[in-house]
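Heavy atoms only: backbone and side chains are in, while hydrogens, waters and symmetry mates are out. Here is how names work: the chains are called A, B, and so on, in the same order as the sequence lines, proteins then strands, and each is numbered from 1. Every value quoted in this text rests on a predicted model; they were computed, and no experiment measured them.
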Amino acid sequence: MTCWCLRQDLICIVLIVLFCTCAQTTTTKHPQALGSVVTASYADSAQMLLSNGMVISMGLSGGLLYVSHWIGGKFDLYTSSGYVVGQEEEDSTLAPVHGKKHLSRVYISTSLCDLHSGAPKSFQILASLQQ
Amino acid sequence: MLAKSKFESDFPGDPLAATEAFTQFMGFFGQATNMLSFCLSLLGTSAVIRTLGLKTTLLLFPTLLLGAGAIVYLYPSLEMVFVMMLALKALSYALNNPCKELLYQPTSKAVKFKAKSWIDIFGQRGAKVSIVLFYEGQKLIVCVHY
């Protein structure tokens with residue numbers, strides 16, 4: 001059980017890092033570096049750089065549009081539901097309350113279930129469980 | 001590169017004058033970009049994010065990039081590239097970067113410390129290195145092929 005919990009934590013951390021890396025790295029550094037590669041590739045001709053570089057730029061913009069749309073959607077979903085990324089990791093380190101060792105897990109799963117309804121009911125459920 | 005080739009053709013046989021004109025041009029470009037970024041950051045960033053919301057503001061930059069790419073493709077000239085680059089750089093500093101930082105809002109303190117430092121130190125450099133490796137690999141393949 002402990003092993004499974006540790007694995008879940010590990011998966012969670014990997015997902016968080018992936019989420020944030022996508023947000024920052026994919027939207028900024030890869031296109032920048034790719035732009036430099038394109039500039040270096042067509043260093044001999046300015047005309048070729050303009051015509052071919054703009055086609056690549058437009059393709060990259062399409063990719064950026066998709067990433068921005070995905071990240072923006074996730075952000076809206078998390079903020080409207082009150083879900084905090086990485087909160088479960090901090091909760092799992094807390095001492096068990098009233099012998100319920102996996103209370104934090106209950107909190108996480110209910111908060112995830114509430115994501116689509118839009119109302120953060122997690123605290124109410126947590127309070128009723130503690131009673 | 002475009003500006004360099006333009007000034008080299010404007011001053012044939014006089015590399016010093018070409019370099020001077022290029023330096024002046026780049027200086028003006030830097031000043032204009034920073035002035036526009038400053039004005040946008042001071043007056044526009046907060047208002048735009050509040051009016052449009054984070055998701056739409058995030059989508060604004062790639063949409064403008066797409067538009068700028070199309071305009072430069074249709075009307076290729078140094079002046080057009082100058083204006084588009086000016087607008088895009090200013091928007092990148094004033095809108096895109098604050099939006100990226102706002103994305104950390106629904107994360108816990110631990111994630112902010114761990115993930116952000118990881119991204120800033122390894123992620124961003126790793127992205128650049130991966131593209132350099134891709135470029136070097138591509139050059140190697142071309143060399144072996146021919």
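Using a 4.5 Å cut-off between heavy atoms, B:L64 does not touch chain A at all. Heavy atoms closer than 4.5 Å to chain A are found in both the backbone and the side chain of B:L65.
Hydrophobic clustering (side-chain heavy atoms under 4.5 Å, transitive across Ile, Leu, Val, Met, Phe, Trp, Tyr) groups B:Y75 together with B:M85. Clustering ILVMFWY residues whenever any of their side-chain heavy atoms sit less than 4.5 angstrom apart, transitively, puts B:L95 in a cluster other than the one holding B:L43. Residues B:L66 and A:V55 fall within the same hydrophobic cluster, defined by Ile, Leu, Val, Met, Phe, Trp and Tyr side chains chained together at heavy-atom separations under 4.5 Å. The cluster map of Ile, Leu, Val, Met, Phe, Trp and Tyr, joined by side-chain heavy atoms under 4.5 Å apart, puts B:M35 and B:L42 in different clusters.
Heavy-atom contacts from other residues, nucleotides or ligands closer than 6.0 Å to OH of B:Y93 number 12 or fewer. When the shell of 6.0 Å around CG of B:L16 is examined, it contains 12 or fewer heavy atoms from other residues, nucleotides or ligands. For B:F25, the CZ atom is densely surrounded, since the number of other residues' heavy atoms within 6.0 Å is greater than 12.
Nearest heavy-atom pair, B:L102 versus A:F75, reported as atom, atom and distance to 0.1 Å: O-CE1, 3.3 Å. Taking both residues in full, the closest heavy atoms of B:T63 and A:L65 are given as OG1-CD2, 3.5 Å, listed atom of the first, atom of the second, then distance. Between B:L59 and A:S68, the shortest heavy-atom contact is CD2-CB, 3.9 Å.
The candidate with the highest count of non-hydrogen atom pairs below 4.5 Å against chain B, out of A:G62, A:G59, A:S61, is A:S61. Contact tally against chain A (heavy-atom pairs below 4.5 Å) for B:V72, B:V81, B:T57: the top residue is B:V72.
Expressed to the nearest 0.5 Å, how far NZ of A:K74 lies from NZ of B:K55 amounts to 11.5 Å. Here the NE2 atom belonging to A:H69 is positioned 9.5 Å from the OG1 atom belonging to B:T56, to the nearest 0.5 angstrom.
No option in A:V67, A:L64, A:L60 other than A:L64 meets the side-chain contact (heavy atoms from CB on, under 4.5 Å) test with B:P62.
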